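Okay, structure first, notes after.
Letters A, B, ... are given to chains in the order of the sequence lines, protein chains preceding strands, and every chain is numbered from 1. Values in this document were obtained by computation on a predicted structure and should not be read as measured data.
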Amino acid sequence: MSETDVKPALTPGVRLGPLSFVWRPWLVLVTLVLAAATFLVFCLSISIGDFPIGLSRVLATLVGRGEQVDEFVIMDLRMPRALAGLVVGIALGVSGAITQSVARNPLASPDILGITGGASAVAVFSVTVSGGTAAAVIDSIGLSAAALAGGLFTGLLVYFLAWRRGVDGFRLILIGISVSAVTQAITTWLLVSADIRDVARAQAWLVGSLENRSWDQVWVALWCSLGLLVVVAAAAFQFKPLHLGDDIAAGLGVRFGRVRAVLLLCAVLLAAVAVSSAGPVPFVALVAPQVAMRLTRRPTPPLIASGLFGALLLIGADLTARAVLPNNLPVGVVTAAIGGPFLVYLLVRANLK
Amino acid sequence: MSTTAVERPAPRDATESRRRRVVGLGVLAAVLVIAAAASLAVGARALTPAEVWHGLFAGPESDQRLTEIRLIVQTVRVPRTVLAVVAGVALGVGGALIQGYTRNPIADTGLLGVNAGASFAVVTVVALFGFSNPFQYVWFGFLGAAVSGVVVFGLASIGRGAGNPLTLALAGQGITVFLAAMTTAVSLSDTQSLNALRFWNAGSVAGVDFDVIWPVTAFIAVGLVLALTTLPALNLLNLGEDVARGLGVNIAVSRTVGILAITLLAGAATAACGPIAFLGLMVAHVARYLTGPDYRWLVPYAGLLGAVVLLVCDIVGRLVVRPGELEAGVVVALLGAPFFAVLVWRGKFKNA
């Protein structure tokens with residue numbers, strides 16, 4: 001599949017006790033640059049706003065030596081939004097990288113696997129059907145929880161429907177498409193039969209937004225994602241030969257059925273957490289792994305770089321929406337506006353080479 | 001989808017399977033006629049066959065009840081039934097063609113950005129000009145569908161990767177997501193276009209007049225003719241590009257004609273009914289299961305199946321939530337998806 005797999009003797013290895021790595025300087029370099037860029041955008045996102053705060057003062061506040069005014073603006077107002085962007089971006093990027101690797105298809109993003117569709121249908125249901133009176137009761141945390149449950153349920157449903165003596169990537173995509181179609185039909189129907197004011201609220205959620213995050217929401221998303229990422233990291237060490245195909249992976253002694261199940265479950269959960277905290281932000285899970293793959297020149301999406309690029313894309317898009325564009329557009333509009341043409345550009349460039 | 005498994009059975013079997021396919025086509029046509037008749041009779045007011053017959057062919061009369069029936073049949077049921085048949089054929093044929101040209105078994109006409117382009121155009125003109133009547137924006141929907149279809153195809157045909165199924169799918173996805181977000185941005189700032197969008201988006205064959213249906217049918221007819229001329233070349237293309245070129249197929253011409261046909265079919269159907277997702281995808285798979293990989297058979301089967309499925313879904317939508325109605329596009333997804341999932345699960349569709 002790639003040169004590195006054909007001639008493994010040429011890439012030096014690093015062994016730390018039970019863990020072994022292949023030393024790939026370019027991959028490490030790109031990942032470090034992405035991490036630095038993400039941190040820079042994170043700080044910029046905190047520094048820019050109606051009350052601008054210089055980058056040096058942002059850094060001072062982050063290490064706990066800021067002035068009191070800065071501290072209030074940063075920790076109470078801007079930090080939750082920036083952190084939500086970071087967590088959601090990483091979760092979407094990693095989730096997309098896993099699903100694309102397992103299904104060996106760049107179109108296999110959490111959107112295809114029904115997670116986004118399920119979360120959206122439940123969210124729209126709770127906005128429109130319970131609308132009016134109950135709308136006051138369902139505050140944004142309740143909506144997030146409902147969306148999380150919906151996304152998780154649909155993701156697991158797709159996974160179990162696709163299960164037939166193991167999970168085949170192609171069957172997973174086909175089942176995902178059909179389940180997504182059902183959730184979309186339900187969403188459409190709810191929107192058609194609902195009051196137009198509820199529809200506007202639902203539509204605002206449906207496009208994906210980072211506005212009005214509270215610390216409570218961010219903590220939940222943060223801890224869930226951290227726990228899942230630890231599991232992903234542990235499983236990823238056994239995951240490496242998988243893109244060679246089931247037979248070769250089995251021949252190399254990987255118990256790929258179980259590893260893949262764990263990874264897919266983590267991908268579903270990560271995507272569900274992301275969608276529940278920011279709405280179905282389009283394109284990050286699809287485009288981040290593809291960009292990371294091309295930047296790092298790897299044959300499959302690299303997990304860490306994909307997550308970092310996801311965060312970079314999401315925070316950058318949110319920043320653009322706030323600082324550059326009029327009308328306070330939601331971040332989802334911007335990720336799509338950036339991501340769509342960028343994907344096309346990548347395609348054209350790859351073709352012209 | 002298999003690219004090599006073109007059937008080459010023994011001559012005796014060939015005659016036999018040819019006969020079987022012709023019979024199958026006849027059965028499908030008969031089912032279509034029955035479904036169309038049912039579509040005329042079923043609705044908020046159920047009509048007997050005699051009443052339908054009268055409504056179709058009688059002239060003006062004095063009896064008020066009969067006049068009412070004639071009005072229902074001629075101004076409501078007939079346009080609706082005709083549109084369901086025309087759009088169903090278009091979407092079925094379009095779905096089969098796009099899967100053939102992209103060699104992508106999960107390709108749908110939505111993949112070319114056709115649906116997204118139509119939605120964006122509709123929302124934009126509603127926001128700009130305040131159109132409230134579907135007859136006013138249906139042409140912009142068609143224009144948007146055609147433009148985005150051509151743009152996606154153009155992007156996917158630049159350079160060396162031209163015609164690569166994955167390239168087309170990714171370009172289509174890129175444009176679709178981009179346009180969908182722009183559509184949302186417009187609709188969030190304009191309540192009227194949000195309102196138009198949510199109804200148009202559901203996908204319905206109801207409430208469209210012959211003023212719109214005839215021109216749409218004309219576009220679809222041109223698309224069908226183009227589609228038919230390209231079928232032999234499509235068969236050869238699915239043997240692989242090198243083989244096709246060796247056998248004298250002009251790949252660029254064949255592909256251009258094919259994409260033009262798909263854009264006309266899907267664009268016109270989408271403009272008239274709104275995006276009916278999933279129909280083309282599903283019907284193409286069922287047709288392939290019934291006929292095998294020969295596109296000269298597969299495409300007519302897919303067209304007839306598309307019409308039958310859309311008609312049946314429209315009828316079901318009229319029956320289930322009375323006195324209201326469920327849009328045909330919603331029913332297509334709700335009925336079609338589980339059916340499709342069962343076929344997938346039983347291993348009817350094989351990976352490349």
Options Ile175(B), Leu335(B), Leu326(B), ranked by heavy-atom pairs under 4.5 Å with chain A, top entry:
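Ranked by contacts with chain A, first place is Leu326(B).
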How far apart are the closest heavy atoms of [X] and [Y], and which atoms are they?
| X | Y | result |
| --- | --- | --- |
| Val192(A) | Glu327(B) | CG1-OE2, 3.8 Å |
| Val182(A) | Ala333(B) | CG2-O, 3.9 Å |
| Ala341(B) | Ile175(A) | O-CD1, 3.8 Å |

Ser187(B), part contacting chain A, at a heavy-atom distance under 4.5 Å
side chain
